[in-house]
Amino acid sequence: MTSLPITGKTQLLGVIGYPIAHSLSPVMHNQAIAALGVDAVYVAFPIAPANLSVALAGLATVGTIGLSVTIPHKQAVIPLLAEISDQARAVGAVNTLWQTDRGWAGTNTDVDGFMAPLLALRSSWQGSTMVVLGSGGAARATITSARLLGCDRVVVIGRDSAKLAALQRDFSPPNPLAIALEVSGWDDCDRWLSQADLLVNATPVGMPPRADELPLSITQLALLPARAIAYDLIYTPRPTRFLQAAADRGLQAIDGLEMLVQQGAVALTRWLDRPAPTDIMRAALDQFLQQH
Ligand code: NAP
């Protein structure tokens, strides 16, 4: 698979974040663009928070057709948009932008990405309890997903009581994707673990430089029912210690790679107006992660 030569007509796509050098999105998207034979290139842009507004205006001026948005801009970008999808509004965070006549429009495809491997297992998650570790941006996408999947209840375990209170407020009516949401500190979360159908790690605990750590103790993981599924949003290392421990207990385990592929596929489909080659994107990431 060879890329087209870059010419005066080559279109620009990219990802904005800070830092951004670690992003795997260019690997995945450029392979997909080459496979589709599209004359475009996808580049990582390090944009410091103070430069977000001027950078978005500049990238629009040079005709950038679409952008991925990652930490720390997913919430800060919202006031700068001309349009935001209902899904992104419900999450309170945006990870995908495209240009309109009125300016940048945004949505949240982390929700689609997170749900994809779960919907491949079951079409309905009615009656389920999802327990989420962490209360940051990715946790917000999982809460919205829980509602769209049909889960009855979400329990968020976090260490920042102000963030937990904000989640309870934000996922109550009038949010159209409101859901019954319980919150807990880490010290008193054991009773929720024994009720979990799905346990999601939405913290960075388990990825380098904390690859040797687990977000919960082995004793706590033993509280999970045998039916529980362990889902780690982290995609490197594979498996994380959390997923290895869950698998050792005989639980089904899902890592974050498919979420990364599927959130990117939904974005690329929108930017290029044609189906994204998910097999190519997954293979590109697999190969890159094996080599690095
Ligand atoms: P974030 O907004 O920074 O949130 C991280 C959350 O983890 C916060 O609630 C934070 O608590 C908590 N946390 C951090 N260190 C902790 C520790 N030592 N103990 C307990 N809690 C801790 O980050 P994010 O965007 O939500 O991302 C979270 C994870 O999901 C990252 O590993 C990221 O790589 C992964 N992710 C994967 C995908 C994918 O496509 N697979 C997509 C998005 C994110 P405080 O609020 O108290 O700091």
Side-chain angles (χ1 to χ4, degrees), residues 15-25 27-29 49 68-78 88 91-96 107-118 131-145 154-168 170 183-189 199-217 220 230-243 253-268 278 281-282 285-286 288-289:
V15 55
I16 57 170
Y18 198 74
I20 198 62
H22 64 282
S23 173
L24 298 182
S25 293
V27 171
M28 168 173 79
H29 283 303
S68 309
V69 181
T70 189
I71 295 174
H73 302 315
K74 285 184 178 183
Q75 286 168 283
V77 78
I78 292 175
V91 177
V94 160
N95 78 329
T96 300
T107 192
N108 189 307
T109 70
D110 282 335
V111 173
D112 308 275
F114 175 77
M115 289 196 299
L118 297 174
V131 176
V132 182
L133 307 176
S135 55
R140 287 178 163 268
T142 67
I143 297 165
T144 303
S145 301
V154 182
V155 182
V156 181
I157 297 166
R159 60 184 182 178
D160 181 331
S161 53
K163 278 193 187 173
L164 293 174
L167 286 180
Q168 280 198 302
D170 293 351
V183 297
S184 166
W186 289 87
D187 293 339
D188 49 0
C189 69
L199 174 65
V200 181
N201 178 29
T203 78
V205 180
M207 69 188 267
R210 311 191 63 170
D212 290 340
E213 296 178 34
L214 288 136
L216 295 170
S217 67
Q220 286 175 308
Y231 191 158
D232 201 334
L233 304 194
I234 296 171
Y235 41 79
T236 179
R238 301 181 80 192
T240 56
R241 281 207 59 211
F242 167 57
L243 291 189
I254 303 173
D255 70 25
L257 196 74
E258 194 60 15
M259 175 175 175
L260 182 65
V261 169
Q262 298 292 342
Q263 63 77 28
V266 175
L268 196 68
T278 45
M281 296 165 84
R282 192 178 299 113
L285 291 175
D286 270 333
F288 186 87
L289 289 171

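When reading the values below, keep in mind they use all heavy atoms of this one structure, side chains included, and skip hydrogens, waters and symmetry mates. Both counts, for ligands and for their atoms, begin at 1 and track the order of listing. Throughout, residue positions are numbered sequentially from 1 according to the sequence presented.
- Numbered from 1 in the order shown, with element, the atoms of ligand 1 that lie under 4.0 Å from a heavy atom of Ile234 read 32 (O).
- Close contacts between ligand 1 and Val205 involve ligand atoms 16 (C), 17 (C), 18 (N), 19 (N) [criterion: under 4.0 Å to a heavy atom].
- Which parts of ligand 1 touch Gly256 is read off a 4.0 Å heavy-atom cut-off, strictly below it: atoms 39 (C), 41 (N).
- Remark: Arg282 pairs with Glu258, Asp279 by the salt bridge (Lys or Arg N to Asp or Glu O under 4.0 Å) rule, at least two apart or across chains.
- Assignment of Gly158 to the shell around ligand 1 is not supported, since no heavy atom sits closer than 4.0 Å.
- Of all atoms in ligand 1, numbered sequentially from 1 with element shown, those under 4.0 Å from a heavy atom of Asp160 are 47 (O).
- Using a 4.5 Å heavy-atom threshold, the side chains of Val69 and Val15 count as separate.
- The nearest non-hydrogen atom to atom 8 (C) of ligand 1, considering only Ser25, Gly136, Ala162, comes from Gly136.
- The closest side-chain heavy-atom distance from Phe114 to Thr144 is not below 4.5 Å.
- At most 12 non-hydrogen atoms from other residues, nucleotides or ligands lie less than 6.0 angstrom from CG of Asp187.
- If you number the atoms of ligand 1 from 1 as listed, the ones under 4.0 Å from a heavy atom of Trp186 come out as 20 (C), 21 (N).
- Close contacts of ligand 1 with Gly134, meaning ligand atoms under 4.0 Å from a residue heavy atom, involve 9 (O).
- Put simply, CG on Leu260 and CE on Met28 are 4.5 Å apart, with the number rounded to the nearest 0.5 Å.
- Here Arg140 does not pair with Asp110 in a salt bridge; the nearest charged N to carboxylate O distance is not below 4.0 Å.
- Residues Cys189 and Gln220 are in side-chain contact: their nearest non-hydrogen atoms beyond the backbone lie under 4.5 Å apart.
- Taking only nitrogen or oxygen atoms, main chain and side chain alike, Lys74 does not reach within less than 3.5 Å of ligand 1.
- Under a 4.0 angstrom heavy-atom cut-off, Arg210 registers as being in contact with ligand 1.
- When each atom of ligand 1 is checked for a heavy atom of Gly137 under 4.0 Å away, the hits are 2 (O), 26 (O).
- With contacts defined as side-chain heavy-atom distances shorter than 4.5 Å, the pair Leu24/Leu289 qualifies.
- At a threshold of 4.5 Å between non-hydrogen side-chain atoms, the residues Leu133 and Val200 do not count as touching.
- The distance from the CG atom of Leu243 to the OG1 atom of Thr240 is 3.5 Å, given to the nearest 0.5 Å.
- At least one N/O-N/O distance between Ala138 and ligand 1 falls below 3.5 Å.
- Protein heavy atom nearest atom 9 (O) of ligand 1, with residue, atom name and distance: Ser135 N, 2.8 Å.
- Under 4.0 angstrom from ligand 1, the non-hydrogen atoms of Ala202 all belong to its backbone.
- Of the protein's non-hydrogen atoms, the one nearest atom 30 (O) of ligand 1 is Leu233 CB, 3.6 Å.
- Between Gln263 and Asn95 there is a side-chain heavy-atom pair separated by less than 4.5 Å.
- Residue contacts with ligand 1, taken as heavy atom pairs separated by less than 4.0 Å, involve Ile71 solely via side-chain atoms from C-beta onward.
- From the protein, the heavy atom lying nearest to atom 46 (O) of ligand 1 is Lys163 NZ, 2.5 Å.
- Within a 4.0 Å radius of atom 33 (C) of ligand 1, the protein contributes no heavy atom.
- Look at Gly113 and you'll find every heavy atom at least 4.0 Å from all atoms of ligand 1.
- Salt bridge absent: Asp232 and Arg241 never bring a charged side-chain N and a carboxylate O closer than 4.0 Å.
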* **side chain to side chain contact (heavy atoms under 4.5 Å, CB included) assessment of Leu233 paired with Asn201** => CA-CA 6 Å; Leu233 304 194; Asn201 178 29; over 6 Å; no
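- For atom 14 (C) of ligand 1, the nearest protein heavy atom (residue, atom name, distance) is Pro204 CD, 3.3 Å.
- Taking each of Arg159, Gln75, Met207, Met259 in turn, the one with a heavy atom nearest to atom 22 (C) of ligand 1 proves to be Arg159.
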